[in-house]
Amino acid sequence: MPELPEAESARALIEERGLGREIVAVDDGDTYVCRPHAPGELADALIGHRLVSAHRQGKALWAQTDDGPVLGLHLGMAGRIVIDDHAAGDYVSDGGRRHLPVWDRFTLHFADGGWMALRDKRRLGRAVLDPDLTRLGPDAAMVDRDTFRRRVGRGEGPLKARIMDQSVIAGVGNLLADEALWRACLDPRRPAGGLDAGELDRLRREIRATTRRAIERGGVHTGDLIAHRRRDGVCPRCGADMARATVGGRTTYWCTAEQR
DNA sequence: AGCATTGTTTCACA
DNA sequence: TTGTGAAACAATGC
């Protein structure tokens, strides 16, 4: 699920319900999610502190602490942030008595008895101290027109790969890319450097609009194209067949009639 | 059984 | 040196 819209929802949740609460215990035992940290390193660094602000750039999340380290979080392919919500689901019975949140890969426990977890079935999410954000491009929802033109409109690689390159612009994933390219009527396979200024402006506008709407509606899976990303899908706008191919290393769907 | 999956990093190769 | 593409990573769902 997680692309920029999901990351922004997670950031807002942390900001709303995760700040100002004293951390008294930390579950950081998943050495893959917490790599390269050893078990206990995040706990030692975070216990006694409070999160004081929540930030996001692209899909990257981080929280500042009071006089402590920065806590970096990434939702990976299937992660989400859950705070205090015992009714959030994803619990597995241990044989009838208890129900265990087996997919909580990293958890902060607060002095008030509440908690905040990175819940991630796939374990591709990350929790790290002082994350390196230097290789991240400008946020896809904030990037200005001239910067977008300059960064996206170059290179021989396919346009879709360009907008999904997190060092070019940050936040666009596979589904958002297909949706925005479809809305902008642009062929995902075109060399990025071959677009003119008008096409780049159109693409930027649709990325921003698609992102904004996904945040309002609850995620990238609420897009108009999603249901039609299938082998026998047809374009919900014009009815033409959808094409399917691997572009930029990911499964890609586009309208055979409208996207040029 | 086999294939696909919303992300990132690493590595081979031009 | 830079850019591109495939594979690996982990685990689940169809």
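None of these values were measured; they are calculated from a predicted model. In what follows, chains are A, B, ... by sequence order, proteins preceding strands, each numbered from 1.
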Colleague: For a quick test of reading the model: is some side-chain N or O of A:R122 closer than 4.0 Å to OP1 or OP2 of B:dG7?
Modeller: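 Checking B:dG7 against A:R122, no side-chain N or O comes under 4.0 Å of OP1 or OP2.
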
Colleague: Restricting to non-hydrogen atoms, name the atom on A:R260 and the atom on A:R190 that form the minimum distance, rounded to 0.1 Å.
Modeller: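 Answer, listing the atom of A:R260 first, then A:R190: O-NH1, 3.2 Å.
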
Colleague: Starting at CG of A:L175 and ending at P of B:dA4, how long is that distance when rounded to a whole Å?
Modeller: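 To the nearest whole Å, that distance equals 16 Å.
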
Colleague: Just verifying a value: how many Å separate A:I81 CD1 and A:E6 CD, rounded to the nearest 0.5 Å?
Modeller: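 If I round to the nearest 0.5 Å, the distance is 12.5 Å.
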
Colleague: Within 45° of the ring axis of A:Y32 and under 6.0 Å from its six-membered ring centre, is that where the NZ or CZ of A:R35 lies?
Modeller: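 Here A:R35 passes the 6.0 Å and 45° test against A:Y32.
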
Colleague: Measure across A:I14 and A:I83 and return the closest heavy-atom pair with its distance rounded to 0.1 Å.
Modeller: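 Looking at all heavy atoms of both residues, the shortest contact is CA-CD1, 4.0 Å.
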
Colleague: Please name all residues satisfying salt bridge (Lys or Arg N to Asp or Glu O under 4.0 Å) with A:R189, sequence neighbours left out, ordered by chain then number.
Modeller: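 Expected list: A:D187.
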
Colleague: How close do A:G79 and A:D120 get, counting heavy atoms only, and between which atoms?
Modeller: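 The answer is N-OD1, 3.6 Å.
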
Colleague: Can you tell me how far P of B:dT8 sits from CG of A:L124, to the nearest Å?
Modeller: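 Nearest whole value for this atom pair: 10 Å.
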
Colleague: Any side-chain N or O of A:H221 under 4.0 Å from OP1/OP2 of B:dT6?
Modeller: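 Checking B:dT6 against A:H221, no side-chain N or O comes under 4.0 Å of OP1 or OP2.
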
Colleague: OP1 or OP2 of B:dG7 sitting under 4.0 Å from any side-chain N/O of A:R123?
Modeller: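 Negative; the distance criterion is not met.
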
Colleague: Please report the distance, rounded to the nearest Å, between NE2 in A:H74 and P in B:dT8.
Modeller: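 Taking NE2 of A:H74 and P of B:dT8, I get 4 Å after rounding.
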
Colleague: Salt bridge or not between A:D146 and A:R151? Use side-chain N to carboxylate O under 4.0 Å.
Modeller: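 Result for this pair is no, no salt bridge flagged.
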
Colleague: Of the nucleotides B:dT5, B:dT6, B:dT8, which has the atom closest to the A:T251 side chain?
Modeller: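 Of the options given, the side chain of A:T251 lies nearest B:dT5.
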
Colleague: If you compare all heavy atoms of A:D28 against all heavy atoms of A:A38, which two are closest, and at what distance to 0.1 Å?
Modeller: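 For A:D28 versus A:A38, the nearest heavy atoms are OD2-O, 4.4 Å.
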
Colleague: NA contact type, A:R154, heavy-atom cut-off 4.0 Å: base, sugar-phosphate, or nothing?
Modeller: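 Touches nothing.
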
Colleague: Roughly how far apart, to the nearest Å, are B:dA1 and C:dC9 at atom C1'?
Modeller: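 Taking atom C1' in both B:dA1 and C:dC9, they lie 22 Å apart.
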
Colleague: Write down the distance between CZ (A:R135) and P (B:dG7), rounded to a whole number of angstrom.
Modeller: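 Roughly 17 Å, once rounded to whole Å.
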
Colleague: Quick one: A:Q166 CD to B:dT8 C1', roughly how many Å, whole number?
Modeller: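 After rounding, the reported distance stands at 9 Å.
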
Colleague: Which range-with-range stems can be found for DNA chain C when each stem has 3 or more Watson-Crick or G-U pairs in a row and both distances sit under 3.5 Å?
Modeller: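 Stems (3+ consecutive pairs) listed as B:2-5 with C:11-14, B:7-14 with C:2-9.
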
Colleague: Nucleotide range of DNA chain C contacted by chain A, 5' to 3', under 4.0 Å to a heavy atom?
Modeller: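 Range of nucleotides within reach of chain A: C:dT4 to C:dG13.
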
Colleague: Which whole-number value in Å describes the distance from A:D178 CG to B:dA4 C1'?
Modeller: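 Going from CG in A:D178 over to C1' in B:dA4 covers 15 Å.
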
Colleague: When all nucleic acid strands are considered with a 4.0 Å heavy-atom cut-off, which category describes A:R126: base, sugar-phosphate, or nothing?
Modeller: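 Since no nucleic acid heavy atom lies under 4.0 Å of A:R126, the category is nothing.
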
Colleague: Mark yes or no: A:R21 above the aromatic ring of A:W115, with NZ or CZ under 6.0 Å from the six-membered ring centre and no more than 45 degrees from the axis.
Modeller: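 Verdict for A:W115: no cation-pi partner in A:R21.
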
Colleague: Under a single-linkage definition using a 4.5 Å side-chain heavy-atom cutoff for Ile, Leu, Val, Met, Phe, Trp and Tyr, are A:L19 and A:F110 assigned to the same hydrophobic cluster?
Modeller: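 Yes, it is one cluster - the side chains of A:L19 and A:F110 are joined through contacts under 4.5 Å.
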
Colleague: Nearest whole Å is fine: how far is B:dT5 C1' from A:L75 CG?
Modeller: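 These atoms are roughly 16 Å apart.
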
Colleague: A:I163 has an atom CD1; how far is it from atom P of B:dG7, in whole Å?
Modeller: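 So the CD1-P distance, A:I163 to B:dG7, works out to 12 Å.
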
